[in-house]
Amino acid sequence: MKPSGYALDATFAALADPTRRAILARLADGEATVTELATPFDMSQPAISKHLKVLERAGLITRSRDAQRRPRKLEPRPLADATDWIERYRRIWETNFKRLEAVLQELKNKQKKAVDALLEDVKPKPKKRRFK
C-alpha cells in the first residue's frame, strides 16, 4: 500500500519539530504518559499536549487507557511509509551518482591519455651517436 500524499505531508510536518522528534525517540523505548513525556522539556504540559496532538493526527502515536493513565505509544507504520518514500529517492540518487562516477572516470582516463600523448611529443629524442 502506497502512503497518501496527505499522510506523508502530516508525517514530515510532525517530524519537522525537534521536540516532537524527541518525544518519538522517548516513545521508541516504550509507552509513556504526558507527565512522563513532559519531564525532560522546559515547557508546560499543555504545550507538550499540543505536540502530542500533532503526532496523533499524523498517526505517529496512539493513546490508550489504563485506569486513570492515558499512555501514548509509538505507531511505526507512518515512519515506515516515510522511510519507503525516502528509500525510493535514495536509490534513484545512488544510481545517478554511480553513472556520474563512471563518466568522471572516463573523462579522467581520456585526460590522462591526452597528457601522456603530449608528454610523448615533447620528450627529448635520443641522439644518434656518430662514430669516427
Side-chain angles (χ1 to χ4, degrees):
M1 178 172 111
K2 290 185 180 179
S4 71
Y6 173 78
L8 275 176
D9 290 349
T11 298
F12 286 122
L15 293 173
D17 186 271
T19 301
R20 291 191 286 266
R21 290 192 306 269
I23 290 170
L24 290 175
R26 165 53 188 88
L27 290 173
D29 293 335
E31 63 181 35
T33 64
V34 176
T35 305
E36 293 166 340
L37 291 170
T39 301
F41 300 103
D42 186 23
M43 61 178 67
S44 66
Q45 273 191 349
I48 290 292
S49 292
K50 287 182 181 181
H51 285 294
L52 293 173
K53 284 179 185 173
V54 171
L55 292 168
E56 283 180 43
R57 279 194 301 267
L60 292 164
I61 65 171
T62 56
R63 179 180 12 179
S64 61
R65 184 176 218 154
D66 180 19
Q68 296 300 320
R69 294 180 71 235
R70 288 182 179 75
R72 273 35 177 220
K73 181 177 105 173
L74 182 65
E75 289 297 327
R77 184 75 239 160
L79 291 173
D81 291 342
T83 301
D84 292 345
W85 184 85
I86 290 168
E87 180 63 21
R88 277 196 311 267
Y89 290 95
R90 186 197 62 76
R91 284 192 301 261
I92 290 168
W93 280 105
E94 191 173 275
T95 300
N96 288 341
F97 285 133
K98 284 180 181 176
R99 285 195 337 241
L100 177 60
E101 184 178 17
V103 168
L104 291 175
Q105 188 61 46
E106 184 180 328
L107 289 173
K108 187 177 176 181
N109 292 341
K110 284 181 182 179
Q111 184 180 28
K112 185 179 179 336
K113 286 179 183 177
V115 168
D116 289 347
L118 286 173
L119 290 175
E120 194 61 37
D121 287 346
V122 296
K123 188 190 282 186
K125 308 269 191 251
K127 294 183 181 181
K128 292 184 181 179
R129 292 181 102 188
R130 292 186 196 182
F131 295 102
K132 292 186 186 179

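Heavy-atom basis, side chains included; hydrogens, waters and symmetry copies ignored.
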Verdict with supporting geometry, M43 and T19, side-chain contact (heavy atoms from CB on, under 4.5 Å): CA-CA 10 Å; M43 61 178 67; T19 301; 3.9 Å; yes

T11 vs D81, side-chain contact (heavy atoms from CB on, under 4.5 Å): CA-CA, chis, key distance, verdict: CA-CA 9 Å; T11 298; D81 291 342; over 6 Å; no

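Inter-residue side-chain proximity for R69 and E36 is flagged as met; some heavy-atom pair is nearer than 4.5 Å.
T35 meets the side chain to side chain contact (heavy atoms under 4.5 Å, CB included) test with T33, Q45; sequence neighbours excluded. For A22, the side chain to side chain contact (heavy atoms under 4.5 Å, CB included) partners two or more places apart in sequence, or in a different chain, are F41. E120 meets the side chain to side chain contact (heavy atoms under 4.5 Å, CB included) test with K123; sequence neighbours excluded. Considering only residues two or more places apart in sequence or on other chains, K108 meets the salt bridge (charged side-chain N to carboxylate O under 4.0 Å, His left out) condition with none of them. For L79, the side chain to side chain contact (heavy atoms under 4.5 Å, CB included) partners are L15, L60, L74, not counting sequence neighbours. Taking the salt bridge (charged side-chain N to carboxylate O under 4.0 Å, His left out) definition, one finds that R57 meets it with nothing, sequence neighbours left out.
Put simply, L24 and V54 are part of two different groups of oily side chains (I, L, V, M, F, W, Y) that touch within less than 4.5 Å, one to the next.
Between Y89 and W93, the ring center distance fails the sub-6.0 Å criterion.
Salt bridge annotation for D84-R88: absent, with no cationic side-chain nitrogen under 4.0 angstrom from a carboxylate oxygen. For the pair R90 and E87, the salt-bridge criterion is met [side-chain N within less than 4.0 Å of a carboxylate O].
Tested against R72, the residues V34, T62, L55 include a single side-chain contact (heavy atoms from CB on, under 4.5 Å) partner, V34. Screening Q111, K112, E106, Q105 for a side chain to side chain donor-acceptor pair (under 3.5 Å) with N109, the sole residue that qualifies is Q105.
Between atom OG of residue S49 and atom CD of residue E56 there is a gap of 9.0 Å, rounded to the nearest 0.5 Å.
Heavy atoms only, all atoms of each residue included: S64 and E31 are closest at OG-OE1, 4.4 Å.
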